[in-house]
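Heads up, the thing below is written out as structure tokens.
Just so it is clear, the values below take in all heavy atoms, side chains as well, and ignore hydrogens, waters and symmetry mates. Per chain, numbering begins at 1; letters A, B, ... match sequence-line order.
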Amino acid sequence: MIWPKLERRKAALVAARDLRDAVSELRLILAMVGLTLAIPMGAGSGVRALAAFGGGTAVVDRLSLVGAFFVVFIPASFSLVLALESFVGERERTTLEVLLSTPLREAEIYAGKVVAVLTVSLTLCYGGLIVYCLVAFPGLGYFPLGILLALALSTICQVAAMVAGAVIISLNARTMRAANVMASFIILPMSVVLQVEAALILLGRAEFLWCFALLMIVVAIVLLRMGFNGFSREALLARDAGLGHPMRRAMGVVRASFGRRPAFLRLIWMRRIPVLIAAAGFPIGALAGFVAGSSSAIPPAVVRPVLSSLVRSAGGGGAVEEAMAIFAHNLLAFLLVALLAVLTLGLSGFLLTFAPGFLLGFAAALSSWTIALSGIVPNGLVEIPAAIIAGGLAIQVGATAMHMDARGGWTARVLAALADYVRALRWLVPALAVAAVLEVWLG
Amino acid sequence: MLEVEGLAKRYGDVLALQDLTVSVEEGQCLVLLGRNGAGKTTALRCMAGVLLPSGGMVKVDGIDAADDPAAVRARVGLMPEVPGLYERMSVKAYLDYFGAIYDIEPNTRRSRIDELLEVFELTDAGDRWLGTFSKGMRQKVALIRATLHRPRLVLADEPTSALDPDSARRAWIYLKDLQRKGSALVICTHSMEEAEHLAGDIGIMSAGRALAIGNLVELRRRSGLKMRQEVREMPTLQDIYLAIVDNHRDLAEVRTA
């Protein structure tokens, strides 16, 4: 990975100015500091009160962790507002144009602004966490240092991810109003991330949280790189022209994305690397499932209902209804994978092969490989290759979504990748129908 | 100082600028006239090394803007049409910030800021937040910011559009003074008075092209107005501008290729 050249002194100049600007509004600062202090005090006092009035050790311990998550989350959410203001707000007020006309490199402006937002948000996050720890934990006889450190690390990454997301929005939004609407694209995935984090905190396993924090580091680095690659003078200033007829232009881009695309076999050859990654997902998933099943890392009671519901979803009616149900289930999975590919940066494509592989491996761990494999033959011979191709094309969509270019054209590239997926469905959908028929009549 | 040859700039399907060729020597001033959307701002941004040309070449002080845009930006002072000031900063802190970006020594920039605030009668407002400034005061600050580092080339987009006549005259004197000290100037304006006051050469632009470039005498000849019997007096720049633009009405407003 090549990091951009930048003069630290210049980036520090930008950061210092932005920082001064962020703290120059007294009412905003009072609100942010007030919330940052009041919530930890309230949450910490609640935990202490529960401990004092006999809430039970296990409940109090878990609640103290949830409280820590809660007090960090509120100030972390300020980062999105600050970042949108710093990038889109400056663009709207044309102060960014002035900055871009100076000898500053894009990297210096970008780094300075990111550092300023991170400084404010993380100061509030960690300030809140320290206050909470001072209020909640003394005398409790429980201090989960490992979990709190993992939480602190993943918070940095979440804040960085939100800041990077705001930069990407700033390339596509000229006004704060548009930016606030587009912020949903950050808030929705981030809320899913936070729910996962909350669930891991409730499990109380530090190793899971560390894995989660590591994953967040990767996501934050990818998003920060995306933001940097897209943050260019050309992208920010040159798009002021040609803004008329937005619907006509949008339709033109969609039409162009379907034009001059490669034929099916050539497309698979061109996308052989993502297709191979998707193909690897199946054996990796099978191995992971087998290890999880045989080591009881995931209790069978958790996976069995999933397997049962999959069997139930095949329908209990006649053979035709059953085939239709299997076909509809697989088709829905293929469509969801494509829709989620942009938001998950292609992870949904990998999961399309990993998840069935995992279930196969888990079933093998509970019974044997022969029995498990007999469950996916002969339909799997059609279904799995179809899933590998669809998964590969979805990974390509994700890879395209995370590639920002200084010259712009992100939308056109993502649409072209999605168009490839849609065109491939002309072959994949009949394959799914054949697989469903094979599963019902020969399976 | 500034050499522009066959400059073109395309935004997607829109050809904002095509085949612009001009040169401005040290101590010279080129004024660009043209209606809104004629491509003047795009031309200034390309000359300033802010946007990269889609075709042609821009050289400032011998440096090609495509090869080293940062070096070009360091030699240029660009004053955009909208001042773009930070509202919650005092004028002194604001100018000091930009002085630091241009690597001006702290002592030098302090004295230069004081000197320029005095020239533009802003000394008393030095510690006030820019958000409290009037439109005209903001434009003065933008002009100071663009010229604080004594650039070799000053590019100004309507530098006096919000100024009262007295302040505008003061700004022209300041710009003339920069010219005398060796800076080259390119000014975009809609004010014929400003153009006549500052210009050596005048470029008339329409639909992304330069219709005519030359001094007043050359433009008068190009306009053909001298031949018209109905004009009893020497035609003004306003007459010349309108005549040249009228002669090229056939140029498309939206340039798509």
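A:R413 and A:T400 form no side-chain donor-acceptor contact under 3.5 Å, judged by distance and modelled atom types alone.
With a 4.5 Å cut-off on non-hydrogen atoms, B:L85 touches chain A through its backbone but not through its side chain. In this structure, the portion of A:E90 lying under 4.5 Å from any heavy atom of chain B is its side chain and not its backbone. If you measure heavy-atom distances from B:M89 to chain A, the contacts under 4.5 Å come from the side chain alone. Contacts of B:R75 with chain A are absent, with no heavy-atom separation under 4.5 Å from either backbone or side chain. Of the atoms belonging to B:P69, not a single heavy atom falls under 4.5 Å from chain A. If you measure heavy-atom distances from B:A70 to chain A, the contacts under 4.5 Å come from both the backbone and the side chain.
Formation of a donor-acceptor pair under 3.5 Å by the A:E106 side chain with backbone atoms of A:R233 is found in this model. Between the side chain of B:R73 and the backbone N or O of A:T102, at least one donor-acceptor pair lies under 3.5 Å.
Among A:K10, A:E7, A:R93, the residue making the largest number of heavy-atom pairs under 4.5 Å with chain B is A:K10. Comparing A:L99, A:V98, A:T94 by how many heavy-atom pairs each has under 4.5 Å with chain B, the most go to A:V98.
No salt bridge links A:R91 with A:E97; every basic N to acidic carboxylate O contact stays at or beyond 4.0 Å. Here A:E234 does not pair with B:R10 in a salt bridge; the nearest charged N to carboxylate O distance is not below 4.0 Å.
With ring centers used as reference points, B:F98 lies 6.0 Å or more from B:Y102.
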